[in-house]
Amino acid sequence: MKIAFLGLGIMGRPMASKLVAAGHEVSVWNRSARQHVDGATTAVSPADAAKDAEVVWLCVADTAAVERVVFAEDGAEQSLREGMIVVDSSTISPSATLRFAERVNARGVHWVDAPITGSKIGAENGQLIFMVGGSNEAVEALQPLFKAMGKLVIHIGETGKGQAAKISMNLMIALIYEGFAEAFVLSSKLGVDPHKLIELIQASMVRSGVVDYKAPFVLRRDYSPNFPLRLMHKDIHLMLDTAKEVRVKLPALETVDEIYELSSEEGWDDLDFAATLALLEKWAGLGGQPK
Ligand code: NAP
């Protein structure tokens, strides 16, 4: 298929590469420094990337970035033709997704929200999980592309439901990680060997994929970004704002948001969100300045 891929960050770059490797014709665009992906052509604007495409795939930072790449003067909208599919793998607001979809639907174009989980390693290994909102027809047409980048597609429901599922799932990741971080710091202060703690956690009923993924990095105090703190913080605000829209209270998440605010003030936005543990260590007098 002919695909425009917009956004070549931690996730977008390996995703575009996987599409090229699967034999698709890919045109890429990135906001800063026209980055290159081997085997793809490099476009000068989102509209240029989308001009001959059947599918426009986005993986950019946030709601404002999606709005910019699709609807700005040089945005992909300029090149949309009836029957095309816009797929958004960014994590953005479910209600904004409905507004964006309505606008492209008016031109006979499908909008599919297909946010992802699996982080940097999942994207590099083609092992992403997509949670998808959109019509059966569009989701069916995208199957070969999902297969090129991922291991599982869950069609959650109509447009917007992929984003709704994604922010709900990330809410659990933020809370589970915070639970792990607090247990890790308390037990360290009490003199427990962290390797023994992790062995115990993973052998017991509280074992967790989040701990599986993050513990090796925490043990090395390696906070290089897989999922940057600024993006999890962005997602926490999406969750809190969306909860307010539908009158749901999230008291535990409000507390975790404060940890992210303070970590951000420490200047740790571009570190992995695992660095929030370092703030607890600092408060506990256990060092805690991430490298
Ligand atoms: P990233 O490395 O920070 O890349 C963000 C991308 O968005 C870059 O290409 C950036 O362009 C672009 N961008 C930012 N603001 C823009 C704007 N106003 N206009 C146009 N482009 C803009 O982020 P990522 O980790 O790839 O994440 C991308 C999306 O996937 C996010 O929504 C994130 O929440 C979600 N996600 C990430 C992970 C993960 O583990 N990393 C996992 C699941 C979902 P520049 O290069 O010019 O800055």
Note, [X] side chain near [Y] side chain (heavy atom, < 4.5 Å):
| X | Y | result |
| --- | --- | --- |
| I198 | L219 | yes |
| L262 | W283 | yes |
| I259 | L279 | yes |
| V56 | I85 | no |
| V104 | F100 | no |
| I236 | V256 | yes |
| K214 | F273 | yes |
| T242 | I167 | yes |

What's the shortest heavy-atom distance between [X] and [Y], and which atoms?
| X | Y | result |
| --- | --- | --- |
| V210 | Y177 | CG1-CB, 4.0 Å |
| L231 | A61 | CD2-O, 4.1 Å |
| R81 | V109 | O-CG2, 3.4 Å |
| I116 | C59 | CD1-SG, 4.2 Å |
| S95 | E245 | OG-OE1, 3.1 Å |
| F146 | V139 | CE1-O, 4.1 Å |

task = Could you walk me through whether V132 and I156 pass the side-chain contact (heavy atoms from CB on, under 4.5 Å) test, one step at a time?
result = CA-CA 5 Å; V132 180; I156 307 283; 5.7 Å; no
Nearest 0.5 Å, what's the [atom1]-[atom2] distance between [X] and [Y]?
| X | Y | atom1 | atom2 | value |
| --- | --- | --- | --- | --- |
| M239 | M169 | CE | CE | 9.0 Å |
| L98 | Q163 | CG | CD | 10.0 Å |
| L128 | K120 | CG | NZ | 13.0 Å |
| T63 | D88 | OG1 | CG | 8.5 Å |
| L253 | M172 | CG | CE | 12.5 Å |
| Q143 | L145 | CD | CG | 9.0 Å |

Is it the case that more than 12 heavy atoms not belonging to [X] sit under 6.0 Å from its [atom1] atom?
| X | atom1 | value |
| --- | --- | --- |
| E137 | CD | no |
| E73 | CD | no |
| E199 | CD | no |
| K234 | NZ | yes |

Side chain [X], main chain [Y], donor-acceptor under 3.5 Å:
| X | Y | answer |
| --- | --- | --- |
| S204 | V206 | yes |
| N30 | S32 | yes |
| D62 | A65 | yes |
| K2 | V55 | no |
| R13 | H36 | yes |
| S79 | A50 | no |

[Y] and [X] side chains, donor-acceptor separation under 3.5 Å:
| X | Y | result |
| --- | --- | --- |
| D269 | S264 | yes |
| T42 | W29 | no |
| T276 | E178 | no |

Hey, quick one: are [X] and [Y] part of the same hydrophobic cluster, counting side-chain heavy atoms closer than 4.5 Å, chains of contacts allowed?
| X | Y | answer |
| --- | --- | --- |
| M131 | V153 | no |
| L142 | W111 | no |
| L175 | L229 | yes |
| M149 | V87 | yes |
| V69 | W57 | no |

What donor-acceptor contacts under 3.5 angstrom involve side-chain atoms of residues 180-189, with partners at least two apart or in another chain?
residue : atom : partner : partner atom : Å
S187    : OG   : A183    : O            : 2.8
S187    : OG   : F184    : O            : 3.0
S188    : OG   : F184    : O            : 2.7
K189    : NZ   : A284    : O            : 2.5

query = Can E77 and V86 be said to form a side-chain contact (heavy atoms from CB on, under 4.5 Å), step by step?
reply = CA-CA 10 Å; E77 187 184 39; V86 177; over 6 Å; no
Result block: side-chain N/O donor-acceptor pairs under 3.5 angstrom for residues 4-12, not counting sequence neighbours:
none

Looking at [Y] and [X], is any side-chain nitrogen of the basic one under 4.0 Å from a carboxylate oxygen of the acidic one?
| X | Y | result |
| --- | --- | --- |
| R68 | D74 | yes |
| K51 | D48 | yes |
| R99 | E102 | no |
| E266 | K282 | yes |

Which donor-acceptor pairs under 3.5 Å do the side chains of residues 18-27 make with protein atoms, sequence neighbours left out?
residue : atom : partner : partner atom : Å
K18     : NZ   : E124    : O            : 3.3
H24     : ND1  : M1      : N            : 2.9

task = Measure from the ring center of F217 to the ring center of Y223 and say whether it is less than 6.0 Å.
result =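 No, ring centres 6.0 Å or more apart.
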inquiry  = Go through it in stages, so that I can follow the logic: the residues are F130 and I154, the test is side-chain contact (heavy atoms from CB on, under 4.5 Å), and I'd like the CA-CA distance, side-chain angles, deciding distance and then a yes or no.
reply    = CA-CA 6 Å; F130 291 91; I154 302 183; over 6 Å; no
query = Does the side-chain contact (heavy atoms from CB on, under 4.5 Å) test come out yes or no for F71 and Q78, once each step is laid out?
reply = CA-CA 8 Å; F71 299 114; Q78 305 303 321; over 6 Å; no
